[in-house]
Amino acid sequence: MKRPASTDPAGAGADVSSSAKATTRAKTAMKAAAASGSPSDSPAPRRAARTAAEPQAAKTEKDSQPDMASPNTAQTAPQPAEAERDTLPPPGPRPVLPQRAIAKAETFKPGDHVVYPTHGVGKVERIAAEEIAGQKLELIHITFDENRMTLRVPVNKARTAGLRKLSSRKQFDEVLATLKGRARVKRTMWSRRAQEYEAKINSGDPMAIAEVVRDLHRNAGQPDQSFSERQIFEQALDRLAAEYGALEGLDKQGAIDKLLDFLKTE
C-alpha cells in the first residue's frame, strides 16, 4: 500500500504570506504613483493626452492656413496697384503738339541774324564747303554767343531744319498784339500743358512763343506762378526777347523790359 502524501502546513502558510506581501507592495506603489502625479506607464493616460492635443493642433494649423473657401476675401481689399490705378485720372486723348514750322526757302549770307527752332537767335558766321564722311557739303556756320556754341547746318537741309531769318516788323506787331490778348489756359493737367508749352517754344514760331508768355504771365493780384510755370515762362520770354532785341537793335534785358511793358498794358 502506498503511503498518503503528507502536507506541510508550515510551507503552505509561507506561500500565502509571500503572495499577500507582493499584493500589498503593488497597491502601495500604485497609490504612490497616483499621489505624485507622475505619468503612468499605462497606455490609457497617454491616449487621453494625445486625444486632447490633436484638436488643438488641428485648430492651430487651420488658423495658419489662408481661407481658400471664401474667394470674396481677396476681392474686398484691392491690391496696391489696383488702388493706385483707381486714383489716376481716366485716360484721355494725347495733347496735340504743334509741329515745327518749316521755313520758306531763303538765301543766307554771312552776318545775317537767323533763328534756329531749338536754339533761338544766332548769327551766320560763314558759309563754306567741307568734306564730311567722303561727301562734299556746303555748310552754314551759325554762332550763338549766349551759349558759346557753333552750329553747322547743310544748305540743302536748312529749310527742313526750320532755319529762318528774323521776322519782319509787321509780323512782330502781330506778336505784340498777341501778348496784349487775354490768356487762354486749358483745363487740363499741368503735365500736358507743360508739354504743349515746350513744344511751342521749340517750334521757333514767334506767335506760338508769345502765346506761352501770355498764358503764363501773372499780373498783380493774381496767384503766383509755380516753380515749373516760372521756368517755362522765363524760357519763352528769353527766346522771344532775343528775336525782338535783334530786330530792334536792343540788348536782351532791354527787350525783356519792353515785352513786360506790353504784357502790363490792358
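For clarity, every value in this text was computed on a predicted model and none was experimentally measured.
- Asp238 and Lys252 are joined by a salt bridge, as a carboxylate oxygen and a charged side-chain nitrogen come within less than 4.0 angstrom of each other.
- Looking only at side-chain heavy atoms (C-beta outward), Phe172 and Arg169 stay at 4.5 Å or farther from each other.
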- [ ] Applying side-chain contact (heavy atoms from CB on, under 4.5 Å), run through Glu229 and Arg218 and close with a yes or a no.
- [x] CA-CA 10 Å; Glu229 286 178 332; Arg218 296 290 185 271; 3.6 Å; yes
Would you list the atom pairs, donor with acceptor, under 3.5 Å between side chains in residues 123-131 and any protein atom, with sequence neighbours excluded?
residue : atom : partner : partner atom : Å
Glu130  : OE1  : Arg152  : NH1          : 2.8
Glu130  : OE2  : His141  : NE2          : 2.8

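- Taking the side chain as every heavy atom from C-beta outward, Arg214 and Lys180 never approach each other to under 4.5 Å.
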Task: side-chain contact (heavy atoms from CB on, under 4.5 Å) between Leu166 and Glu243, worked out - done: CA-CA 7 Å; Leu166 296 177; Glu243 184 168 0; 3.8 Å; yes
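- A distance of 11.0 Å separates CG in Leu216 from CG in Leu263, rounded to the nearest 0.5 Å.
- Cluster annotation: Val115 and Phe144 are assigned to distinct hydrophobic clusters (Ile/Leu/Val/Met/Phe/Trp/Tyr, side-chain heavy-atom contacts under 4.5 Å, transitive).
- Separation of atoms CG (Asp112) and CZ (Arg164) is listed at 13.5 Å; rounding is to 0.5 Å.
- At a threshold of 4.5 Å between non-hydrogen side-chain atoms, the residues Tyr197 and Asp215 count as touching.
- Every residue was checked against the side-chain hydrogen bond (donor to acceptor under 3.5 Å, both in side chains) condition with Glu174, not counting sequence neighbours, and none meets it.
- Val153 and Leu139 are members of different hydrophobic clusters when ILVMFWY side chains are connected at heavy-atom separations under 4.5 Å.
- For Arg184 and Glu211, the salt-bridge test fails: no basic side-chain N is under 4.0 Å from an acidic carboxylate O.
- Under the 4.5 Å side-chain heavy-atom criterion for Ile, Leu, Val, Met, Phe, Trp and Tyr, Leu137 and Leu151 are members of distinct hydrophobic clusters.
- Between Gln235 and Gln231 there is no side-chain heavy-atom pair separated by less than 4.5 Å.
- Taking CZ of Arg187 as the start and CZ of Arg193 as the end, the distance is 10.5 Å to the nearest 0.5 Å.
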Open item on the list: I'd like to know whether Lys200 forms a side-chain contact (heavy atoms from CB on, under 4.5 Å) with Asp205, so could you lay out the CA-CA distance, the side-chain angles of the two residues, the decisive distance to 0.1 Å, and finally the verdict.
Closed with: CA-CA 7 Å; Lys200 287 183 176 182; Asp205 183 2; over 6 Å; no
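- More than 12 non-hydrogen atoms from other residues, nucleotides or ligands lie less than 6.0 angstrom from NZ of Lys165.
- By the rule that hydrophobic residues join a cluster once side-chain heavy atoms approach within less than 4.5 Å of another member, Val121 and Ile142 end up as members of separate clusters.
- Residue Ala158 comes nearest to Ile140 through the heavy atom pair CB-CD1, 4.3 Å, listed as atom of the first residue, atom of the second, then distance.
- At a threshold of 4.0 Å, the pair Arg192-Glu196 does not count as salt-bridged, since none of the basic side-chain nitrogens sits closer than that to a carboxylate oxygen.
- Using a 4.5 Å heavy-atom cutoff, the side chains of Tyr244 and Val175 are not in contact.
- When the shell of 6.0 Å around CG of Asp224 is examined, it contains 12 or fewer heavy atoms from other residues, nucleotides or ligands.
- Asn202 and Glu198 form no side-chain donor-acceptor contact under 3.5 Å, judged by distance and modelled atom types alone.
- When each of Val212, Leu176, Ile209, Ile201 is paired with Leu240, the side chain to side chain contact (heavy atoms under 4.5 Å, CB included) condition holds for Ile209 and for no other.
- With rounding to the nearest 0.5 Å, the separation of NZ in Lys136 from CD1 in Ile132 is 12.5 Å.
- Residues Val213 and Leu247 share a single hydrophobic cluster, defined by chaining ILVMFWY side chains whose heavy atoms lie under 4.5 Å apart.
- For the side-chain hydrogen bond (donor to acceptor under 3.5 Å, both in side chains) test, no residue two or more places apart in sequence or in another chain qualifies with Gln135.
- In terms of heavy atoms, Leu163 sits closest to Pro117 at N-CD, 4.3 Å.
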